[in-house]
Amino acid sequence: MPLGVEPTGKTKLLGIIGHPVEHSLSPAMQNAALAELGLDWVYLPFPVAPENLEAALAGFAAIGVVGFNATIPHKQAIISHLDRITELAKAVGAVNTVWRTDRGWEGTNTDVEGFLAPIRHRPWKGSTAVILGNGGAARAVVAGMAQLDCGKIGVVGRDPEKLTQFQHSWANSPYGANLETHLWEELPELLPSADLLVNTTPIGMSPHVDRSPVEETLMAKLSSEVVVYDLIYTPSPTKFLQQAQQWGKVAIDGSQMLVQQGAAALRLWLQRDRVPVEVMSQALEQQLGKIA
Ligand code: NAP
């Protein structure tokens with residue numbers, strides 16, 4: 001990975017913590033953007049085991065790390081180690097972006113902004129969203145659609161207990177007002193009224209690329225105006241999105257979300273309104289090309 005700068009003692013540090021972290025696509029995206037901007041900054045992958053999280057944060061503070069991303073398994077666990085998190089991160093229950101201030105470490109969740117980026121130009125007020133899956137990514141989608149004043153947000157899961165917990169976890173949140181939870185058996189009745197159908201399950205991800213969360217025949221129940229969105233970015237398109245395209249629906253994959261959550265993080269760290277999103281997108285495509 002070529003860096004834009006020869007690192008010196010003055011080089012500003014950014015990075016990502018995860019366990020494992022070696023497959024992260026973020027260093028390529030972020031370093032491409034930093035190089036394009038001509039900044040003396042680098043973004044590094046840091047493998048941090050769960051038991052070393054607190055020590056890692058202390059170390060980052062000691063060496064002046066400006067900010068970092070957190071990925072699996074740290075997105076929830078890191079919250080208790082931060083000095084402040086945004087209301088959005090509280091609602092989602094996960095932090096993926098952290099930065100250092102005079103008050104200590106602060107965190108937010110830029111997955112929501114990333115998810116919304118390719119769809120926010122459409123009118124969603126009063127619309128109906130159907131979300132497949134009730135894990136971490138589904139929480140970012142719920143918060144995102146609530147921000148757009150979506151009228152009905154249906155979350156579909158396979159485990160009644162987890163669904164109940166999911167519903168309860170939004171009880172005191174401004175983002176949970178229009179939320180309903182459903183079992184997969186109810187999907188056929190939910191599909192005709194969906195304006196947005198989002199897959200947040202890993203079904204269809206490499207190597208199980210021939211799988212789709214929705215049976216082919218059920219796609220016929222979707223309206224002609226529906227937007228079908230898969231958070232998966234490899235493969236692209238997934239079987240789910242291929243089915244949607246065959247039925248003539250608008251289909252969006254997870255690559256823009258990935259780029260835009262990174263761009264949102266970079267804007268925070270650099271305190272700039274604009275970062276080179278297109279360069280980040282090209283760097284991601286190049287990395288994904290290497291994986292394919
Ligand atoms: P997660 O927390 O593990 O949640 C996965 C959800 O999918 C859970 O609700 C799980 O149900 C459900 N699920 C898994 N296998 C299933 C199956 N065979 N049938 C029915 N439901 C199933 O994972 P996550 O962090 O939300 O990530 C989910 C997906 O989103 C991954 O593919 C990830 O790569 C993608 N993602 C993309 C981006 C992006 O930037 N594009 C960002 C975040 C995530 P149970 O709870 O019942 O097990």
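Start at 1 and go down the list; that is how both ligands and their atoms are numbered. Along the sequence shown, residues are numbered consecutively beginning with 1.
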Under a 4.5 Å side-chain heavy-atom rule over Ile, Leu, Val, Met, Phe, Trp and Tyr, are L218 and W184 clustered together?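 L218 clusters together with W184.
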Worksheet item: Judged by non-hydrogen atoms, does D111 sit under 4.0 Å from ligand 1?
Response: no
So is R158 touching ligand 1 or not, going by heavy atoms under 4.0 Å? yes
Taking only heavy atoms of [X] into account, list the atoms of ligand 1 that are under 4.0 Å away from them.
{"X": "M205", "answer": "32 (O)"}
{"X": "Y233", "answer": "41 (N)"}
{"X": "G254", "answer": "39 (C), 41 (N)"}
{"X": "L258", "answer": "40 (O)"}
{"X": "N134", "answer": "9 (O), 46 (O)"}
{"X": "I232", "answer": "32 (O)"}
{"X": "M257", "answer": "39 (C), 40 (O), 41 (N), 42 (C)"}

Drop me the distance from [X]'s [atom1] to [Y]'s [atom2], to the nearest 0.5 angstrom.
{"X": "Q167", "Y": "H182", "atom1": "CD", "atom2": "NE2", "value": "8.5 Å"}
{"X": "R100", "Y": "W105", "atom1": "CZ", "atom2": "CH2", "value": "5.5 Å"}
{"X": "T128", "Y": "L196", "atom1": "OG1", "atom2": "CG", "value": "10.0 Å"}
{"X": "Q261", "Y": "F115", "atom1": "CD", "atom2": "CZ", "value": "14.0 Å"}

Nearest protein heavy atom to [atom], by residue and atom, and its distance?
{"atom": "atom 26 (O) of ligand 1", "value": "A137 N, 2.7 Å"}
{"atom": "atom 4 (O) of ligand 1", "value": "G135 CA, 3.3 Å"}
{"atom": "atom 14 (C) of ligand 1", "value": "P202 CD, 3.3 Å"}
{"atom": "atom 35 (C) of ligand 1", "value": "L231 CB, 4.0 Å"}
{"atom": "atom 46 (O) of ligand 1", "value": "K162 NZ, 3.1 Å"}

So is there a nitrogen or oxygen of [X] less than 3.5 Å from a nitrogen or oxygen in ligand 1?
{"X": "I72", "value": "no"}
{"X": "G136", "value": "yes"}
{"X": "G133", "value": "no"}

For L241, the option from I252, V228, I232 that meets side-chain contact (heavy atoms from CB on, under 4.5 Å):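 Single side-chain contact (heavy atoms from CB on, under 4.5 Å) partner of L241 among I252, V228, I232: V228.
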task = Evaluate the 4.0 Å heavy atom contact test for atom 23 (O) of ligand 1: does a protein atom fall under the cut-off?
result =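 No, because not a single protein heavy atom sits under 4.0 Å from atom 23 (O) of ligand 1.
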Closest to atom 29 (C) of ligand 1 by heavy-atom distance, out of I131, T200, L25, V156, is T200
Practice prompt. Quick one: do F68 and F46 satisfy ring-ring contact (aromatic ring centres under 6.0 Å, His included)? Show the steps, please.
Written response: CA-CA 10 Å; F68 60 93; F46 296 107; 8.3 Å; no
Any salt bridge between R139 and D111, counting N to O under 4.0 Å?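 Salt bridge: no.
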Do the charged groups of R267 and E113 touch, with an N to O distance under 4.0 Å?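 Here R267 pairs with E113 in a salt bridge, since their nearest N and O are under 4.0 Å apart.
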Inset, instruction - Using the six-membered ring wherever Trp is involved, compare the ring planes of Y175 and W170 and label them parallel, tilted or perpendicular (cut-offs 30° and 60°). - result: perpendicular
Requested in this report: Have a look at N96 and tell me which of T108, N69, T110 forms a side-chain hydrogen bond (donor to acceptor under 3.5 Å, both in side chains) with it.
Outcome: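 When T108, N69, T110 are each tested with N96, the side-chain hydrogen bond (donor to acceptor under 3.5 Å, both in side chains) holds only for T110.
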- [ ] Measure the shortest side-chain to side-chain distance between Q245 and P237 over non-hydrogen atoms and say whether it is less than 4.5 angstrom.
- [x]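 Touching, per the 4.5 Å side-chain cut-off.
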